[in-house]
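See structure below.
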Amino acid sequence: MGKEALIRPSMNQRILIVEDEAPMCELLMSFFSQKGYKVSSAQNGEEAVAKLEEQDYALVITDIKLPGMSGLELLARIRVDWSDLAVIIMTAFSSISSAVEAMKLGAEDYIGKPFQLDELAITVEKGLERRSLRREVRELRAEVSARYNFSNIVGRSKPMQQLFEVIRRIAARRDASALIIGSTGTGKELVARAIHYNSERRGAPFVPINCSAIPETLLESELFGHQKGAFTGAHENRRGLIEEAQGGTVFLDEINTLSQNLQVKLLRVLQERIVRRVGGRENIPIDIRLVSASNQDLEEAVKRGEFRQDLFYRLNVVPVRLPDLRDRREDIPLLVHHFLEKFAQQHGEPPRRFSNEAMRILMTHVWPGNVRELENAVEHALTMGSSEVLTPEDLPSSITAPERDIVEESVLDNASLADVEKRYILRVLERMDGHQIKTAQILGIDRRTLYRRLRQYGKATGPDEEDLEPDELKQSDVQASASTY
C-alpha cells in the first residue's frame with residue numbers, strides 16, 4: 001500500500017499556511033487545495049493572527065522561522081486564544097531542538113525540511129484526526145455530565161429531595177468516600193455517577209466494578225493489576241482498574257460480596273492511598289474517590305462477622321440510603337413521563353401516554369424491581385402497544401397479574417374504611433382459594449363473622465350461618481383465636 005492510499009480527503013476542513021517564502025507557500029496551497037481542503041495563507045505571524053480572528057480554521061501549518069513574530073510565538077498565541085486548533089511546525093533539520101520545544105508548547109506535530117508533500121499530507125491528516133477525537137471526547141464528556149446531573153435523577157418526593165442534598169454535599173468534598181445502600185433497581189450506579197460528574201473529579205475516569213460479577217481469583221488482578229509472570233497467563237505488566245481511575249472515581253458495586261482477603265487489601269489502599277500490583281513490590285500512589293454500594297445492610301454483615309468493621313467505617317464516611325419505589329409512589333407519574341420521553345427520542349417517534357386505568361396499575365403495583373422494573377414495563381408497553389394511548393393490555397403480565405397495593409389503591413379511589421376492609425377480606429379469601437376457615441384464621445375472626453361479612457358483600461356461599469354445625473363453629477372459633485394477624 002502506497003502513502004497516497006493512507007490519505008483520506010477531508011472536505012470543508014480549513015487550513016492556514018504560514019510561510020514567508022512565496023514559492024513554498026504557493027506549492028503548499030496548490031497541493032492541499034487539490035486534496036479537497038480550503039486553504040488560506042499568511043506571510044508572517046501577525047498576518048496569521050489577523051486571519052485567525054476573521055475565520056475559523058481546523059489546522060495551521062507554520063514555519064518555525066518567520067519575520068517578526070516567530071513560529072513558536074505564534075504557537076503560544078494560538079494555544080491561548082484558539083486552544084482547539086491543531087498546529088504543525090515545519091523546521092529545518094538544524095533546528096530540531098526548536099521543534100521539540102514546539103511539541104512541549106502544544107504543537108500537534110512537526111516535519112523537517114526538506115520533506116515529501118505526501119509525507120506532510122499524512123501528518124496533516126493525522127493531526128486533524130486527533131483534533132476530531134479530542135472534540136468528540138469533550139462533547140461526550142459534556143453529554144455524560146449532562147446525563148448524570150441532578151435533573152436526570154427523577155423525583156420530587158421528600159425522600160428524593162433529601163437524596164439530592166446528600167449528593168451535593170458529597171460531590172463538594174473531593175475525597176469523601178460514600179456507601180450507597182439500596183434495593184436492586186433503585187439506581188445505585190446512577191447516584192454514584194451523579195456524585196462523580198458533579199464533582200471536580202468529573203474530567204477524570206469513572207470506573208464501575210461489579211464485585212459479584214468477577215470471580216475472586218480474577219478480581220484481585222482486575223482491581224490492583226499484576227506484574228508479568230505473577231501467575232499463569234500474566235504475560236505482561238498490567239495496570240489495575242484502581243490505577244486506571246487515577247484522579248477520578250472507583251465505584252464498587254455489591255461490595256458485600258468481597259472476600260475477607262480482598263477486604264484487607266482494599267482497606268490498605270484506602271488507608272495508605274497506594275496500590276501494589278499482584279506479584280509486584282512497588283507501592284504506586286493513587287488519587288481516587290471510592291464510592292461503594294450494597295443491596296444488603298453492611299452493619300448486619302459486620303455483626304455476623306462477614307464484613308470487616310474497620311473497612312466498613314472507611315467506606316461509610318457518608319451513608320446514602322436509596323428509597324424503594326413503593327416508598328415514593330408520588331414520583332411514579334414523573335418517572336413514567338421521563339421514560340416515555342426518553343424512548344420516544346431514542347426511536348424518533350412522538351411521545352405516547354398511558355390511559356387512566358393503565359396508570360392506575362402502575363401506581364398500585366408493588367414494584368419489587370423498583371425503577372428498573374418500571375422502565376422495563378414502560379418499554380414493554382411501547383413495544384406491544386400500537387395506539388397513541390397505552391392500555392393495561394399493553395403492560396407485561398408480571399405487572400397486571402400480581403396483587404395490587406390495597407392501601408395505595410384505596411387512597412387513589414378515596415375509599416371509605418369499610419370499603420378498605422371489604423377489599424382486604426376479599427383479597428385474603430381469593431388468596432386462600434375461597435377456603436373460609438383458613439381465611440378466618442388469617443383475618444383473626446371466627447367463621448361466623450366472616451360469613452356475615454361475605455353475605456353483606458354478596459359473596460356468601462354454602463349453608464346459611466344458622467345452618468352451620470355448632471361443633472364446626474366452635475372448632476373454627478378455637479382455630480381463629482389461636483391464629484395471629
Output, in order, the C-alpha distance, side-chain angles, deciding distance and verdict of salt bridge (Lys or Arg N to Asp or Glu O under 4.0 Å) for Arg193 and Glu189. CA-CA 6 Å; Arg193 288 182 181 274; Glu189 183 171 338; 3.0 Å; yes
For residues 47-54, which side-chain N or O atoms pair as donor and acceptor with protein atoms under 3.5 Å away, sequence neighbours left out?
from	atom 1	to	atom 2	distance (Å)
Glu47	OE1	Gln43	N	2.9

Atom pair CD1 (Ile170) and CD1 (Ile195), whose distance is rounded to the nearest 0.5 Å: 4.0 Å
Does the side chain of Thr186 come under 3.5 Å of the side chain of Asn370 through a donor N or O and an acceptor N or O? no
Extract all donor-acceptor atom pairs below 3.5 Å that involve side chains of residues 244-256 and protein atoms in other chains or at least two apart in sequence.
from	atom 1	to	atom 2	distance (Å)
Glu244	OE1	Arg239	NH2	3.1
Gln246	OE1	Asp287	N	2.4
Gln246	NE2	Pro285	O	3.2
Thr249	OG1	His196	ND1	2.7
Glu254	OE1	Ser212	OG	3.0
Glu254	OE2	Ser212	OG	3.4
Asn256	OD1	Ser294	OG	3.0

Take a 6.0 Å sphere around CZ of Phe115 and say whether it holds more than 12 heavy atoms from other residues, nucleotides or ligands. yes
Is there side-chain contact between Asn44 and Val18, with at least one heavy-atom pair below 4.5 Å? no
Does Arg372 pair with Glu375 as a salt bridge, N-O distance under 4.0 Å? no
Side chain to side chain contact (heavy atoms under 4.5 Å, CB included), that's the test. Do Leu117 and Leu28 meet it? Break it down for me. CA-CA 8 Å; Leu117 288 175; Leu28 294 177; 3.8 Å; yes
So do Ile15 and Val60 actually touch side chain to side chain, heavy atoms under 4.5 Å? no
Is the closest side-chain heavy-atom distance between Thr257 and Asn210 below 4.5 Å? no
Electrostatic pair Asp56-Arg14, nearest N-O below 4.0 angstrom: no
Verify, without hydrogens or angle tests, whether Arg268 (side chain) and Arg276 (backbone) share a donor-acceptor contact under 3.5 angstrom. no
I'd like to know if the side chain of Glu349 reaches the main chain of Ala344, judged simply by a donor and an acceptor atom lying under 3.5 Å from each other, with no hydrogens or angles considered. no
Determine, stepwise, if the pair Glu125 / Leu120 fulfils side chain to side chain contact (heavy atoms under 4.5 Å, CB included). CA-CA 9 Å; Glu125 186 68 28; Leu120 177 59; over 6 Å; no
Quick one: does Leu315's side chain get under 4.5 Å of Ser177's, heavy atoms only? no
Let me see the working for Arg77 and Asp81 under salt bridge (Lys or Arg N to Asp or Glu O under 4.0 Å), right down to the final yes or no. CA-CA 6 Å; Arg77 176 71 183 273; Asp81 294 338; 2.5 Å; yes
Check the side chains of Arg277 and Gln227 for a donor-acceptor pair under 3.5 angstrom, ignoring hydrogens and angles. yes
Under 3.5 Å side-chain donor-acceptor pair for Asp331 and Ser157: yes
Within the side chain of Ser33, is there an N or O that forms a donor-acceptor pair under 3.5 Å with the backbone of Met29? yes
Evaluate salt bridge (Lys or Arg N to Asp or Glu O under 4.0 Å) for Asp84 paired with Arg131, printing each intermediate quantity in order. CA-CA 7 Å; Asp84 190 44; Arg131 174 180 182 266; 3.3 Å; yes
Are Asn283 and Val275 packed together at the side-chain level, in the sense that at least one heavy-atom pair is separated by less than 4.5 angstrom? no
Would you indicate whether Gln345, at its atom CD, is surrounded by more than 12 heavy atoms from other residues, nucleotides or ligands within a distance under 6.0 Å? no
Look at the side chain of Arg328 and the backbone N and O of Gly155, then say whether any donor-acceptor pair between them is shorter than 3.5 Å. no
With no hydrogens and no angle check, is any side-chain donor or acceptor of Ser221 less than 3.5 Å from a backbone partner on Thr217? no
Is Arg238 paired with Glu243 through a side-chain N to carboxylate O contact shorter than 4.0 Å? no
Examine the side chains of Ser40 and Tyr57 and answer whether a donor and an acceptor come within less than 3.5 Å of each other. yes
With the side chain counted from C-beta on, respond yes when Arg289 and Ser199 share a heavy-atom pair under 4.5 Å apart, and no when they do not. yes
Take the angle between the ring planes of Phe32 and Tyr37 and call it parallel below 30°, perpendicular above 60°, tilted in between. perpendicular
Please determine whether a side-chain nitrogen of the Lys or Arg among Glu299 and Lys303 lies less than 4.0 Å from a carboxylate oxygen of the Asp or Glu. no
Atom CG in Asn198, atom CD1 in Ile167: separation rounded to 0.5 Å? 8.0 Å
First locate atom CZ of Arg304, then atom CG of Leu298, and finally report the distance between them rounded to the nearest 0.5 Å. 9.5 Å
Measure the OG1-CD distance between Thr62 and Glu73 for me, rounded to the nearest 0.5 Å. 11.0 Å
Qualifying residue for side chain to side chain contact (heavy atoms under 4.5 Å, CB included) with Glu373, from Val366, Leu325, Ile399: Ile399
Might you work through the side chain to side chain contact (heavy atoms under 4.5 Å, CB included) test for Phe354 and Val336, ending with a clear yes or no? CA-CA 9 Å; Phe354 282 99; Val336 169; 3.5 Å; yes
With a 4.0 Å cut-off, would you call Glu108 and Arg134 a salt bridge? yes
Has Arg353 got a side-chain atom pairing as donor or acceptor with His337's backbone, closer than 3.5 angstrom? no
Keeping the roles fixed (side chain from Ser132, backbone from Leu128), state whether a donor-acceptor pair exists under 3.5 Å. no
Quick one: ring-ring contact (aromatic ring centres under 6.0 Å, His included) partners of Phe231, sequence neighbours excluded? His226
Closest non-hydrogen atom pair, Cys25 against Ile17: SG-CG2, 4.5 Å
Which distance, rounded to the nearest 0.5 Å, do you find between the CG of Leu179 and the CZ of Arg314? 14.5 Å
Kindly check if the number of other-residue, nucleotide or ligand heavy atoms within 6.0 Å of CZ (Arg130) is above 12? yes
Intermediate values then yes/no, salt bridge (Lys or Arg N to Asp or Glu O under 4.0 Å), Asp175 and Arg201: CA-CA 9 Å; Asp175 297 325; Arg201 292 183 180 272; 2.5 Å; yes
Could you walk me through whether Arg156 and Leu334 satisfy the side chain to side chain contact (heavy atoms under 4.5 Å, CB included) test, starting with their C-alpha distance in whole Å, then the side-chain angles of each, then the deciding distance to 0.1 Å, before giving a yes or no? CA-CA 8 Å; Arg156 294 178 186 166; Leu334 288 172; 3.5 Å; yes
Electrostatic pair Lys228:Glu236 at N-O distance under 4.0 angstrom: no
Carboxylate-amine/guanidinium contact Lys113 Asp63, below 4.0 Å: yes
Student check: side-chain heavy atoms of Leu322 and Lys188 closer than 4.5 Å: yes
Hey, can you tell me if Phe343 and Phe339 have their rings parallel, tilted or perpendicular (30° and 60° cut-offs)? tilted
Roughly how far apart are Leu16 CG and Leu85 CG, rounded to 0.5 Å? 8.0 Å
